[in-house]
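Numbers restart at 1 for each chain; the letters A, B, ... are given by sequence-line order, proteins then strands.
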Amino acid sequence: MSFLGRGASTSNGGINHERLEMAMNEIEMVSDVFNRIVSSCHGKCISNRYAEGDLNKGESVCIDRCVAKFFDVNKKVGEKMQAAGANAQATGSSSFSL
Amino acid sequence: MSFLGRGASTSNGGINHERLEMAMNEIEMVSDVFNRIVSSCHGKCISNRYAEGDLNKGESVCIDRCVAKFFDVNKKVGEKMQAAGANAQATGSSSFSL
Amino acid sequence: MSFLGRGASTSNGGINHERLEMAMNEIEMVSDVFNRIVSSCHGKCISNRYAEGDLNKGESVCIDRCVAKFFDVNKKVGEKMQAAGANAQATGSSSFSL
Amino acid sequence: MDFSQFNASEQAHMTKIIEKKQMQDFMKMYSGLVERCFTSCCNDFTSKALSSKEEQCVMNCADKFLKHSERVGQRFAELNAESMGPARP
Amino acid sequence: MDFSQFNASEQAHMTKIIEKKQMQDFMKMYSGLVERCFTSCCNDFTSKALSSKEEQCVMNCADKFLKHSERVGQRFAELNAESMGPARP
Amino acid sequence: MDFSQFNASEQAHMTKIIEKKQMQDFMKMYSGLVERCFTSCCNDFTSKALSSKEEQCVMNCADKFLKHSERVGQRFAELNAESMGPARP
């Protein structure tokens with residue numbers, strides 16, 4: 001998840017706000033993806049009946065595979081976006097210039 | 001979308017933060033509505049089977065009508081909110097359309 | 001909702017940013033919970049047919065009970081989280097009720 | 001929420017932040033309401049014009065949602081006051 | 001959006017804020033797209049590897065979503081221009 | 001995440017921002033958990049009191065969600081480390 005790495009000039013000693021903002025973007029992205037995996041895999045693997053509080057064997061195995069598959073989908077979609085020349089400004093909302 | 005136009009005193013040369021905040025609110029609002037239309041009309045018009053990657057004729061026509069209808073609903077709800085004087089910030093303003 | 005009450009040194013006259021941030025967290029939390037109740041209880045109590053614009057008797061009673069039950073669930077989950085010492089910030093604090 | 005221990009500049013700052021949040025919350029509530037009523041009421045896309053039946057549904061949906069929110073707000077305030085009350089000396 | 005009444009420093013500030021928002025919006029759109037296509041296309045968890053059928057579905061889903069977004073964007077811009085037009089003197 | 005190239009003041013700033021985000025994320029996770037378990041477990045509104053059956057469901061739901069999150073977190077960290085590893089020199 002390192003596609004946010006724009007070049008950043010180092011301001012020695014002081015705070016390089018551009019670099020901090022890039023780091024924050026990366027954290028936001030990872031955290032957003034994590035939360036989506038938690039939610040998606042809960043929907044896919046956990047039954048809504050809640051007869052017990054522990055994960056049973058089937059649920060546990062399902063979670064492991066679900067997370068792996070989500071990563072795969074993330075990778076495939078990322079490759080497609082890059083192949084399409086998907087640029088932040090371009091694809092996000094191409095005809096949506098404010 | 002000019003309902004956020006509260007009077008803002010101009011600070012010559014410097015930055016008028018109130019005016020910037022109003023502009024940001026306007027951008028957030030437009031962007032929020034746009035994202036809701038993308039999501040709603042995807043649910044209404046795009047089948048979940050994904051047999052092909054192109055929009056077919058039916059989907060394309062559905063999208064056009066869906067966006068137009070969403071705008072209409074937005075306008076109707078906005079008129080109702082103004083008529084009801086629903087909120088202090090909203091009532092004082094001139095128009096609530098996008 | 002006093003679980004955010006970490007000790008904050010008072011900076012006399014000036015702005016104590018830590019204290020403001022804590023207050024903001026509290027407001028965000030209350031507002032988040034409120035919005036979730038509005039949405040959950042709408043799903044539980046309001047029919048999707050919209051034959052009239054007023055709440056009928058059954059819907060009104062359902063809303064009252066729904067909000068009360070949501071508060072109960074919030075309390076139970078909060079107690080469990082504290083018992084489990086689920087999170088660093090939460091564990092150190094005294095109570096997790098709204 | 002108890003801001004009594006805040007000094008004047010903190011209260012002023014807080015007021016500005018709260019006003020900003022109220023504005024954002026209102027806008028989000030508004031667009032969420034539009035989306036909700038659109039989703040519930042509009043299911044025919046053989047035409048781009050809102051039918052009178054759809055329009056009536058949207059009006060009722062918006063009306064009902066606002067009344068629902070208000071009622072939730074009343075109960076919320078009561079229960080919040082109850083749970084806050086005994087906890088504060 | 002009309003920023004013509006902004007002075008130079010305000011416009012510079014605004015540009016930075018908008019760029020930041022565009023970046024955040026793009027990231028959110030991207031992860032939302034991944035979630036959407038995962039949810040629609042992946043329903044078999046007897047294996048952790050993406051099947052070729054699932055992969056094809058994901059590719060079509062992503063393709064279609066981007067085309068959908070673009071078309072919505074076009075209609076949105078047109079309707080927005082229409083509704084803004086007469087309202088501004 | 002690699003912050004090794006950050007200087008001391010940047011790291012201090014980053015730490016504060018991350019702590020703030022963790023707090024917000026925790027609160028959101030918490031209220032999301034409450035909503036999730038309420039939605040799954042409470043379907044009878046002929047009474048305002050939580051039945052013992054509903055309460056048991058809520059407890060199991062919360063338990064299971066926390067264990068689910070933890071397990072996802074473990075797999076996530078492993079797969080993230082894998083995918084980061086080769087990409088960084």
Aromatic ring pairing F:F38/F:F45, orientation class (parallel under 30°, perpendicular over 60°, tilted between): tilted
F:Q11 atom CD, neighbour heavy-atom count above 12 within 6.0 Å: yes
Side-chain ion pair, A:D54 and F:K64, N-O less than 4.0 Å: no
Carboxylate-amine/guanidinium contact A:R36 A:D32, below 4.0 Å: yes
Region of A:L20 in contact with chain F, defined by heavy-atom distances below 4.5 Å: both
Partner chain A: residue of F:H68, F:K67, F:R75 with the largest heavy-atom pair count (under 4.5 Å): F:H68
Shortest non-hydrogen contact between A:V38 and F:S69, atoms and distance: CG1-OG, 3.8 Å
Contact listing (chain F partner; residues 55-62 of chain A; heavy atom under 4.5 Å): A:L55, A:E59, A:S60
Counterpart residues, side chain to side chain contact (heavy atoms under 4.5 Å, CB included), relative to F:R36 (two or more places apart): A:S39, A:H42, F:F65
Under 4.5 Å from a heavy atom of chain A, the part of F:K21 involved: side chain
Heavy-atom proximity to chain A below 4.5 Å, by part of F:C37: neither
Any side-chain donor near an acceptor of the partner, F:Q56 and F:N60, under 3.5 Å: yes
Salt bridge (charged side-chain N to carboxylate O under 4.0 Å, His left out) assessment of F:K16 paired with F:E19: CA-CA 5 Å; F:K16 271 184 93 168; F:E19 275 174 8; over 6 Å; no
